[in-house]
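Quick note: numbers below take in every heavy atom, side chains included, and nothing from hydrogens, waters or symmetry partners. Counting from 1, the numbers follow the sequence of the chain as shown.
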Amino acid sequence: MSYCLEVVRTNLNESRVQTIADPSEVELKAGEAILAVNQFALTANNITYGVAGDMICYWQFFPAEGDWGRIPVWGIGKVINPGDTDLQEGTEYYGYYPMASYLVIKPENVSERGFVDGAEHRAALPPTYNQYSLMTEENGFDRAYDAHRMTYFPLFATGFILDDYLFDNDFFGADQIVLSSASSKTSFSLAQLLHKRGDKSVVGLTSPGNVEFVKGMGIYDEVVTYDSVTSMDNAKKTAFVDMAGNRKVLEALHHHFTDNMVCSCGVGITHWESRDGQPPAELPGAKPEMFFAPSQMQKRHQDWGPEKYQQNMNDAWVGFLADVDKWVTINQREGSEAIKDTYHEVLNGAKPDQAFVLNLE
């Protein structure tokens with residue numbers, strides 16, 4: 001049976017496993033191919049895709065009918081029907097997929113590195129999400145780390161770009177970098193890189209239940225709970241990287257640090273259920289702004305060239321892999337019910353030391 005997981009776009013708690021046509025029944029148009037979705041990771045980042053689905057067009061990647069939506073995930077697909085394209089049956093690609101048995105794509109610019117999905121409904125969407133990478137050693141893939149690639153790499157890449165953005169701007173003159181949702185994968189990716197730099201204090205904000213996990217990683221100089229933000233030294237110039245998107249926390253920090261809040265950078269919405277609070281434009285200190293990773297990526301491509309950029313990120317990725325298994329266990333699960341159960345587990349706040357890879361084969 002072929003299936004997909006769908007959620008109500010305006011109520012992420014409501015989900016269903018929907019039966020879809022078998023890939024053998026799909027009539028391909030000219031230039032189309034089919035990839036079976038073998039595996040994907042499911043993290044809090046995917047919940048952010050759902051929360052920001054209308055705002056950043058995430059629902060448009062894999063359209064569903066009516067009020068339903070298909071949340072994108074990062075995974076591995078195998079070509080099962082190349083159609084009349086230049087793809088080869090059996091080859092595997094890392095990229096952006098629905099939580100579904102397969103994906104119909106329109107591969108363009110096919111090379112030894114991968115391809116771009118040129119499907120018409122994706123043409124106006126961010127290009128990063130339309131690129132699929134051929135999973136070969138020559139293309140930088142160590143297949144022993146497939147689960148890590150799906151689970152961490154998109155989040156690590158954001159952390160890498162954030163670290164470079166802060167460094168490139170001399171940390172906006174900050175003495176310390178404060179990260180909310182310190183137990184999240186994007187936050188601890190960034191924290192690990194900042195810790196390695198060693199020239200700024202790194203503070204992690206987290207919930208009381210995650211304090212021991214965050215402290216145990218050894219990459220935060222200080223760990224503070226959300227209800228204790230006013231205990232921090234407000235004389236320190238502070239750059240805030242907000243992965244949580246919790247307006248109340250944002251408000252408390254800005255009123256605590258006032259003019260010493262020299263940077264307020266919004267990234268994620270892990271606290272997707274807590275978005276009420278004072279409008280950011282009215283807060284003291286630096287104006288809160290959403291971070292747009294492609295802008296910094298484009299700048300560094302111009303500064304360094306694509307090859308050096310890729311090499312720098314790969315070197316940092318290898319260093320991250322050397323640490324992350326000390327902190328988090330990746331759990332492998334299989335089947336449609338496991339996908340639905342895991343989705344709700346992540347939606348409602350999975351333990352930070354657990355990660356999930358779902359197998360559809």
Min side-chain heavy-atom separation Arg149-Trp317 under 4.5 Å: yes
Between Phe115 and the options Leu87, Asn109, Asn130, the side-chain contact (heavy atoms from CB on, under 4.5 Å) test singles out Leu87
ILVMFWY cluster, Leu35 and Val116 together (side-chain gap under 4.5 Å): no
Would you find more than 12 non-hydrogen atoms of other residues, nucleotides or ligands less than 6.0 Å from Asp259 atom CG? no
For the residue pair Tyr58 and Tyr49, does the interplanar ring angle fall in the parallel (under 30°), tilted (30 to 60°) or perpendicular (over 60°) class? tilted
Using the rule that two of Ile, Leu, Val, Met, Phe, Trp, Tyr join whenever any of their side-chain heavy atoms come within less than 4.5 Å, decide whether Phe62 and Ile34 are in one cluster. no
Taking the six-membered ring for Trp, is the centroid-to-centroid distance between Phe40 and Tyr97 below 6.0 Å? no
Donor-acceptor pair, His256 side chain versus Met232 backbone, under 3.5 Å? yes
Counting only N and O atoms by type, is there a donor-acceptor contact under 3.5 Å from the side chain of Thr85 to the main-chain atoms of Pro107? no
Spell out, yes or no, whether Leu358 and Ile71 are grouped together once hydrophobic residues are joined by side-chain heavy atoms under 4.5 Å, including indirect joins. yes
Test your reading of the model: is there a side-chain donor-acceptor pair from Ser187 to the backbone of Ser180, 3.5 Å cut-off? yes
Gap separating the CD1 atom of Ile330 from the CZ atom of Phe356, nearest 0.5 angstrom: 11.0 Å
Between Thr43 and Asn45, is any side-chain donor less than 3.5 angstrom from a side-chain acceptor? no
What orientation do Trp327 and Phe320 show, parallel under 30°, tilted 30 to 60°, or perpendicular over 60°? perpendicular
Check residues 209-220 and write down every donor-acceptor pair under 3.5 Å in which the side-chain atom is one partner and the other belongs to a residue at least two apart or another chain.
{"from": "Asn210", "atom 1": "ND2", "to": "Ser183", "atom 2": "OG", "distance (Å)": "3.4"}
{"from": "Asn210", "atom 1": "ND2", "to": "Ser207", "atom 2": "OG", "distance (Å)": "3.3"}
{"from": "Tyr220", "atom 1": "OH", "to": "Ala182", "atom 2": "O", "distance (Å)": "2.7"}

Rounded to the nearest 0.5 Å, how far does CE of Met243 lie from CG of Leu179? 6.0 Å
Using modelled atom types and a 3.5 Å cut-off, is there a donor and acceptor pairing between side-chain atoms of Arg122 and backbone atoms of Tyr129? yes
Check: Lys237 main-chain N/O paired with Asp175 side-chain donor or acceptor under 3.5 Å: yes
Verdict with supporting geometry, Ile47 and Tyr343, side chain to side chain contact (heavy atoms under 4.5 Å, CB included): CA-CA 9 Å; Ile47 305 304; Tyr343 165 74; 3.8 Å; yes
Is the backbone N or O of Asn38 less than 3.5 Å from a side-chain atom of Lys78, with the two atoms forming a donor-acceptor pair by type? no
Is any NZ, NE, NH1 or NH2 atom of the basic residue among Glu345 and Arg333 found under 4.0 Å from an Asp or Glu carboxylate oxygen of the other? yes
Does Tyr226 reach the main-chain N or O of Ser181 with its side chain, forming a donor-acceptor pair under 3.5 Å? yes
Tell me if a side-chain donor or acceptor on Ser228 pairs with a main-chain N or O of Val224 at a distance below 3.5 Å. no
Identify, with sequence neighbours excluded, every residue that meets side-chain hydrogen bond (donor to acceptor under 3.5 Å, both in side chains) alongside Gln296. Asp164, Asp168
Taking Asp163 first and then Arg197, would you say they form a salt bridge - that is, a charged N and a carboxylate O separated by under 4.0 Å? yes
Residue from Asn246, Val229, Asp242 passing side-chain contact (heavy atoms from CB on, under 4.5 Å) with Leu205: Val229
Among Thr238, Asn260, Asp233, Asp221, side-chain hydrogen bond (donor to acceptor under 3.5 Å, both in side chains) partner for Gln176: Thr238
Are the side chains of Val241 and Phe291 in touch, meaning some heavy atoms are under 4.5 Å apart? no
For Tyr152 and Ala355 the tightest heavy-atom approach is OH-CB, 4.5 Å
Any link between Leu155 and Tyr309 through a network of hydrophobic side chains (Ile, Leu, Val, Met, Phe, Trp, Tyr) touching at under 4.5 Å? no
Anything under 3.5 Å between a donor and an acceptor, one on a side chain of residues 139-146, the other on a protein residue two or more places apart or in another chain? List them.
{"from": "Asn139", "atom 1": "ND2", "to": "Arg113", "atom 2": "O", "distance (Å)": "2.8"}
{"from": "Asn139", "atom 1": "ND2", "to": "Leu134", "atom 2": "O", "distance (Å)": "2.9"}
{"from": "Asp142", "atom 1": "OD1", "to": "Ala144", "atom 2": "N", "distance (Å)": "3.1"}
{"from": "Arg143", "atom 1": "NE", "to": "Asp146", "atom 2": "OD1", "distance (Å)": "2.9"}
{"from": "Arg143", "atom 1": "NE", "to": "Asp146", "atom 2": "OD2", "distance (Å)": "3.0"}
{"from": "Arg143", "atom 1": "NH1", "to": "Glu92", "atom 2": "OE1", "distance (Å)": "3.2"}
{"from": "Arg143", "atom 1": "NH1", "to": "Met135", "atom 2": "O", "distance (Å)": "3.3"}
{"from": "Arg143", "atom 1": "NH2", "to": "Glu92", "atom 2": "OE1", "distance (Å)": "2.9"}
{"from": "Arg143", "atom 1": "NH2", "to": "Asp146", "atom 2": "OD2", "distance (Å)": "2.9"}

Apply side chain to side chain contact (heavy atoms under 4.5 Å, CB included) to Leu360 and Tyr3, showing your working. CA-CA 10 Å; Leu360 281 74; Tyr3 56 86; 3.9 Å; yes
